[in-house]
Amino acid sequence: MSSDTLAQSAAVPETPDGPDLPRIVPQRRLGQWTAAVAVLVLLGLAVNSVLRNDAFQWGVVADYFSSDAVLRGLWLTLWLTAVVMVLGFALGTLLAAFRLSANPVLRAVSWGYVWLFRSIPILVQLLLWFNIGALYPQILGVKTVDLLGPVTVAVIGLTLHEAAYAAEVVRGGILAVDRGQIEAAQALGLSRWRRWRRIVLPQAMRSIVPPAGNMLIGTLKGTSIVSVIAVQDLLYSVQLVYHRTYQVIPLLMVATVWYTVVTSLLGIGQHYVEKHYARGTERTR
């Protein structure tokens, strides 16, 4: 008998019923459980300090949460978000097509647009559009101040800003589609439109939807910046109230809760849209 066989025999003691197999001992995770308990305790203390702090004036928050002024501001915020996202992605898709074009002029124009509008902060863009009348007092024979109101300026400024980011999102999604898929569709004799509708776009959406969902949520929160040009969105509406009542903290909490509720609903919707376009992938199985 070899020395290795003797060593194995010594390591596993024999019993009347056969060799005694080693007992599996579960790994102790004392550090992880300690950290989890500490985090839960700190979280509980934080929540308790918020709920039991009289300075938040939760009764005032409840009174103004569904007031007419706040709901009108919320409606304008939702409307502005929807319009900006639709127009921004429409323009962004066109810019992405220009960027992927074989025409060098279209590629240069698309690249320059994205470079310019990603370089200028959105607040600066809004203020420039709000004061565009100083550069162009009249547009098509109409006074600029009458043609471009605060809401119109907000739509233009936010749309041009979002289009620059949407262009890169769409371009990245299209480039993520394997070139072999397009070549296979060409070999089958599919037209260009059918290739894009049936082959490219369904696969590109897997890469487009996650950043687009993040852009949607970011746009919803970013609309609060239009309050600087007196657009009566959700934030501006609560500001009008607390300038009159001097109840700053509870009115800001009203806006905070509404933003949290709407962004949470958008996040749930994004999850199901991602799940829809991820059907058939290895990860979902």
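Only heavy atoms go into these numbers, but all of them, side chains included; no hydrogens, no water, no symmetry mates.
Residues I120 and I156 fall within the same hydrophobic cluster, defined by Ile, Leu, Val, Met, Phe, Trp and Tyr side chains chained together at heavy-atom separations under 4.5 Å. By the rule that hydrophobic residues join a cluster once side-chain heavy atoms approach within less than 4.5 Å of another member, V241 and F65 end up as members of one cluster. By the criterion of side-chain heavy atoms lying less than 4.5 angstrom apart, applied directly or through intervening Ile, Leu, Val, Met, Phe, Trp or Tyr residues, L95 is not grouped with V109; the two fall into different hydrophobic clusters. Note: the hydrophobic cluster containing V238 does not contain Y236 (ILVMFWY, side chain heavy atoms under 4.5 Å, direct or indirect links). Side-chain heavy atoms closer than 4.5 Å link hydrophobic residues (I, L, V, M, F, W, Y) into clusters, and following such links, possibly through other members, connects V261 to V254.
Taken from CD1 in I132 to CG in L127, the straight-line distance is 12.0 Å, to the nearest 0.5 Å. Atom CG in L266 sits 11.0 Å away from atom CG in N214 (nearest 0.5 Å). Note that CG of L251 and CD of Q57 are 9.5 Å apart. Values are rounded to the nearest 0.5 Å. Rounding to the nearest 0.5 Å places NE2 of H276 at 13.5 Å from NE2 of H271. Rounding to the nearest 0.5 Å gives a distance of 8.0 Å between CG of L76 and CD of Q232. Between atom CG of residue L220 and atom CG of residue L80 there is a gap of 9.5 Å, rounded to the nearest 0.5 Å.
Here the side chain of H161 pairs no donor or acceptor atom with the backbone of G157 at under 3.5 angstrom. A distance-only check finds no donor-acceptor pair linking the side chain of N48 to the backbone of G44 [under 3.5 Å]. The backbone N or O of L106 lies less than 3.5 Å from no partner atom in the side chain of S101, so there is not a single donor-acceptor pair. Of the possible polar contacts, none joining the S227 side chain to the L235 backbone as a donor-acceptor pair under 3.5 Å is found. Under a 3.5 Å cut-off, the side chain of T263 and the backbone N or O of Y259 do form a donor-acceptor pair.
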Problem set entry | Full working for side-chain contact (heavy atoms from CB on, under 4.5 Å) between M215 and V169 | CA-CA 10 Å; M215 281 185 60; V169 169; 3.8 Å; yes
Exercise. side-chain hydrogen bond (donor to acceptor under 3.5 Å, both in side chains) between T219 and E162: does it pass, once the steps are laid out?
Worked result: CA-CA 8 Å; T219 301; E162 293 298 321; 3.2 Å; yes
For this session: Could you walk me through whether F117 and I122 pass the side-chain contact (heavy atoms from CB on, under 4.5 Å) test, one step at a time?
Result: CA-CA 8 Å; F117 283 91; I122 180 59; over 6 Å; no
For this session: List the steps and the verdict of side-chain contact (heavy atoms from CB on, under 4.5 Å) for W79 and V151.
Result: CA-CA 11 Å; W79 178 86; V151 176; 3.8 Å; yes
Exercise. So Y113 and L160, side-chain contact (heavy atoms from CB on, under 4.5 Å) or not? Walk me through it.
Worked result: CA-CA 9 Å; Y113 180 98; L160 296 178; 3.4 Å; yes
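Between Y246 and Y242, the ring centre distance reaches or exceeds 6.0 Å. In summary, the aromatic rings of F98 and W111 are positioned with their centroids too far apart to meet the 6.0 Å limit.
Listed here is the closest heavy atom pair of V142 and L147: CG1-CB, 4.3 Å. G73 and S237 get closest at one heavy-atom pair: CA-OG, 3.3 Å. T77 approaches T81 most closely through the heavy-atom pair O-OG1, 2.8 Å. Across A204 and G173, no two heavy atoms sit closer than the pair CB-O, 3.4 Å. Closest approach of T256 to T260, counting heavy atoms only: O-OG1, 2.8 Å. A pairwise comparison of heavy atoms in A154 and V231 identifies CB-CG2, 4.1 Å as the closest pair.
A salt bridge (Lys or Arg N to Asp or Glu O under 4.0 Å) check over residues 91-112, counting only residues at least two apart or in different chains, returns the pairs R99-E168. Within the structure, salt bridge (Lys or Arg N to Asp or Glu O under 4.0 Å) pairs that include any residue of residues 44-63 do not occur (at least two apart or interchain). Counting only residues at least two apart or on different chains, no salt bridge (Lys or Arg N to Asp or Glu O under 4.0 Å) pair has a member in residues 118-137.
Side-chain atoms of F56 and V61, non-hydrogen and from C-beta on, never get closer than 4.5 Å to each other. Inter-residue side-chain proximity for V226 and P150 is flagged as unmet; no heavy-atom pair is nearer than 4.5 Å. In this structure the side chain of P137 never reaches within 4.5 angstrom of the side chain of K143, judged on heavy atoms.
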